Amino acid sequence: MEDDTGEASDQDALLGDASKRSVSTGMLDDGLGEDLLGKAVKRNTGLSAYPTSIWFIIVCEFCERFSYYGLRAVLVLYCVTYLNWDNDQATVMYHAFIMLCYLTPVLGATLGDSKFGKFKTILILSSVYCAGTMVVAGTAIPGVTGDPPQAWGVIIGLLLIAIGTGGIKPCVAAFGGDQIAENESYLIEGYFSMFYMSINCGSLLSSLITPKLRADVNCFGRFDCFPLAFGLPGILMFIAVAIFFLGKRHYKHRQATRNALADYARALYAGLKQKMTSCRGGLQAAHRHWLEPAEKIVGGQFVNDIKIANNVMYLFLPLPMFWALFDQSGSRWTLQATMMRTFDMGALGTFPPDMMQSLNAGLIVLLIPVFQRIIYPIFRRLGIPGKPLNRMALGMCLCGFSFIVAALLQLQIDDSRSIPLPTSSASQVKFVSGMTFSSPGSIFLIDVNNGSRTLNISTDLGYTLIPAGNWTADLTVTSKNGTEFSGTVPFSSENNEVSTAVIYEDMDSNLDLFVFNDDFDSQETEAERAWLKVVHVDPAIGPIKLTSGEDDDFDFTITPLNTSEGYLSVVSQDQKMTIESKDVDPFEFDVSFASGGMYIMTVLASEDGAGLDANVIQLVDGYQVSILWQVPQYVIMTSGEILFSITGLEFAYSQAPSSMKSILQAGWLMTVAVGSLVVIIVAESRIFENAANEFFFFAGLMYFVTGVFFIMSRRYKYKDAELSA
């Protein structure tokens with residue numbers, strides 16, 4: 001939950017202001033203070049001590065975080081299942097959205113610290129946010145922009161949301177702090193504890209609720225309901241704006257003394273301009289430091305603060321790699337979850353794969369006390385260095401290790417499907433019965449050129465290795481009522497071939513074989529999808545028409561002894577299909593496919609000959625690895641997040657001058673944006689055909705960057721002597 005730590009940086013920024021007002025503690029306070037004579041006095045630190053305006057802001061933040069995380073939780077699967085994008089395209093969209101969300105805080109901070117003020121900035125940009133949620137939810141309705149929906153709808157909507165959520169990010173928390181009077185500064189920490197809790201509650205609840213709405217509600221003729229999954233976060237955002245506006249008469253407005261971001265930019269520009277002028281003219285620098293020319297513009301003290309802040313931000317340079325890995329829990333890890341076997345939650349239904357993201361929010365709440373009360377004290381007893389930068393490096397190592405675990409899990413997922421691949425020394429053939437009323441049949445193969453070489457095969461077996469050659473196949477199938485069908489047909493096999501041989505009844509009531517090649521390795525894995533090939537095996541029936549009026553919406557015709565073109569991508573859910581042919585009654589039936597499974601559907605006349613029938617046969621098993629095997633990588637990643645993110649924010653706050661708090665906050669948020677840019681570049685390059693190899697790549701890159709960061713941190717001199725101990 002990088003946004004939570006992003007909001008924590010709002011807390012640090014404001015605590016910097018509060019430190020100038022002698023901040024003590026809030027909810028952790030003992031309730032005692034001192035009067036002007038130094039005598040202990042009892043002070044109210046209960047909920048009633050907080051201004052009324054605080055509660056409007058906290059409830060508003062809960063609703064906004066619910067909206068943001070709820071939308072993000074289902075975004076990748078929307079791109080894959082609704083827009084029909086591949087995994088790489090969906091990943092690029094997801095991370096481009098995150099990148100924009102962490103670039104736009106600069107806009108919000110600039111407006112909030114200007115004469116425009118925080119209240120107007122929050123209100124206007126929140127309205128832009130609301131408009132974005134309306135566009136995303138509205139254009140997700142099939143038929144509004146087309147069916148499937150056009151991509152421009154979600155792109156425009158996400159752009160508006162990014163402007164809104166990023167713009168208000170640096171303003172909301174600080175505006176809440178402005179509501180606390182200077183003589184009540186001891187309430188600051190209590191306020192931020194409640195503020196941070198509202199963030200966690202909003203993100204946790206939304207990542208649990210919206211995936212269930214997506215998966216369990218059927219709307220607009222589909223097995224899922226993305227319009228509702230996007231619509232609920234949109235409703236919460238409208239509620240957030242309404243609540244924030246209703247508190248208008250209670251708010252206190254404080255005008256910023258200076259726009260730190262603007263002054264920082266002016267100082268950098270002045271310094272760089274003078275340095276470039278000196279370099280072009282071949283002149284020796286007239287100043288000891290390149291920033292000194294800015295002293296006339298922003299003042300000498302501010303320039304000194306910039307120098308200190310730049311030393312801290314220099315250490316930020318390797319940090320985007322952590323976020324590049326961390327944010328993939330909502331993209332690549334969610335796509336990995338779609339390739340795993342989910343489980344039944346009883347009355348709550350099936351656990352949807354995109355709900356796994358909620359594990360991070362829940363683990364954050366559980367593990368922070370564990371680290372504070374158990375792990376960190378153990379570190380101190382063992383003499384493990386507690387320097388903030390060392391902890392951050394350890395968090396980066398855990399992040400890399402979580403991707404190694406994810407890569408190993410991906411290898412297990414890939415192996416579990418057992419897709420038959422061509423071999424150079426034999427042919428792989430699966431014999432199946434296309435007759436819906438028959439029991440498992442038997443096939444006795446005799447090599448035409450070598451009569452002593454024979455094979456006995458049953459139709460209930462998987463793919464069988466058969467040496468290349470020409471064979472005579474004796475086929476025998478016994479129906480459920482005891483009638484025996486037989487036939488003798490020629491059969492040939494070739495090396496480096498995978499095929500399926502369907503047993504069917506010819507016009508003379510004898511058995512025959514219909515053989516077709518299976519090109520399994522060309523079928524790309526898709527989220528919550530299976531693969532189906534339809535086979536027309538009854539020569540007594542004319543062309544058939546297969547329609548699916550629900551989720552897959554395909555409609556095509558097949559002539560006798562032919563198949564559908566390639567394998568069809570179908571949803572791995574229960575659905576209805578209809579088969580029609582001239583002069584016979586149509587056949588409507590329910591069918592279900594396992595995610596990742598590969599099937600053939602044989603179509604023939606019903607046993608009484610009055611209608612049609614279908615027999616669905618699974619050629620390749622669906623995904624067998626339980627989704628619960630993702631839990632270890634989430635635990636490791638979240639542990640790394642606590643060590644890295646929370647420690648990093650505390651480090652930046654403790655090392656920076658108070659005038660630079662907002663600058664370092666912007667720099668920290670920028671590392672999240674650059675991290676998503678790294679993922680976009682890798683996904684767009686498409687250099688990895690296998691997800692496991694990509695996970696290993698990111699893990700290796702993480703460890704390399706961690707090494708660079710460790711070397712850089714060794715040279716850093718802490719401002720606080722206790723931190724360097």
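All residue numbers in this chain count up from 1 along the given sequence. Remember, predicted model here, so these are calculated numbers, not experimental data.
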Closer than 3.5 angstrom, by distance alone: can the side chain of [X] be matched with the main-chain N or O of [Y] as a donor-acceptor pair?
X	Y	answer
S427	S493	no
N495	A426	yes
S433	I503	no

Quick one: [atom1] on [X] to [atom2] on [Y], what's the gap to the nearest 0.5 Å?
X	Y	atom1	atom2	result
I627	M339	CD1	CE	11.0 Å
N218	L228	CG	CG	11.0 Å
K545	I579	NZ	CD1	13.0 Å
L409	I404	CG	CD1	13.5 Å
D613	I541	CG	CD1	9.5 Å

Run the side-chain hydrogen bond (donor to acceptor under 3.5 Å, both in side chains) test against T488 and tell me which residues pass, sequence neighbours left out.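 With sequence neighbours excluded, T488 shows a side-chain hydrogen bond (donor to acceptor under 3.5 Å, both in side chains) to D474, given in chain and number order.
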
side-chain hydrogen bond (donor to acceptor under 3.5 Å, both in side chains) against K533, all qualifying residues, sequence neighbours excluded: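 If we apply the side-chain hydrogen bond (donor to acceptor under 3.5 Å, both in side chains) test to K533, skipping adjacent residues, there are no hits.
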
Output all residues satisfying side chain to side chain contact (heavy atoms under 4.5 Å, CB included) with [X], sequence neighbours left out; order by chain, then residue number.
X	result
L363	L359, L367, Y634, V635, T638
W152	T145, Q150, I156
L208	L204, M355, S358
A473	I443, L445, L475, V489, F491, L513

Verdict with supporting geometry, F343 and F351, ring pair (Phe, Tyr, Trp, His ring centres under 6.0 Å): CA-CA 6 Å; F343 57 90; F351 184 90; 4.9 Å; yes

Suppose the criterion is side chain to side chain donor-acceptor pair (under 3.5 Å): which pairs have a residue in residues 686-700, not counting sequence neighbours?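 As it turns out, the side chain to side chain donor-acceptor pair (under 3.5 Å) pairs with a partner in residues 686-700, which skip direct neighbours, are D86-R686, D88-R686, R332-E694, D414-N690.
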
Quick one: ring-ring contact (aromatic ring centres under 6.0 Å, His included) partners of [X], sequence neighbours excluded?
X	result
Y599	F593
F589	F587
F403	W333, F695
F688	F697

Using salt bridge (charged side-chain N to carboxylate O under 4.0 Å, His left out) as the criterion, list what pairs up with D354, not counting sequence neighbours.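 D354 satisfies salt bridge (charged side-chain N to carboxylate O under 4.0 Å, His left out) with R214 only.
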
Looking only at side chains, do E497 and Q428 share a donor and an acceptor under 3.5 Å apart?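 Absent: no donor and acceptor within the cut-off.
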
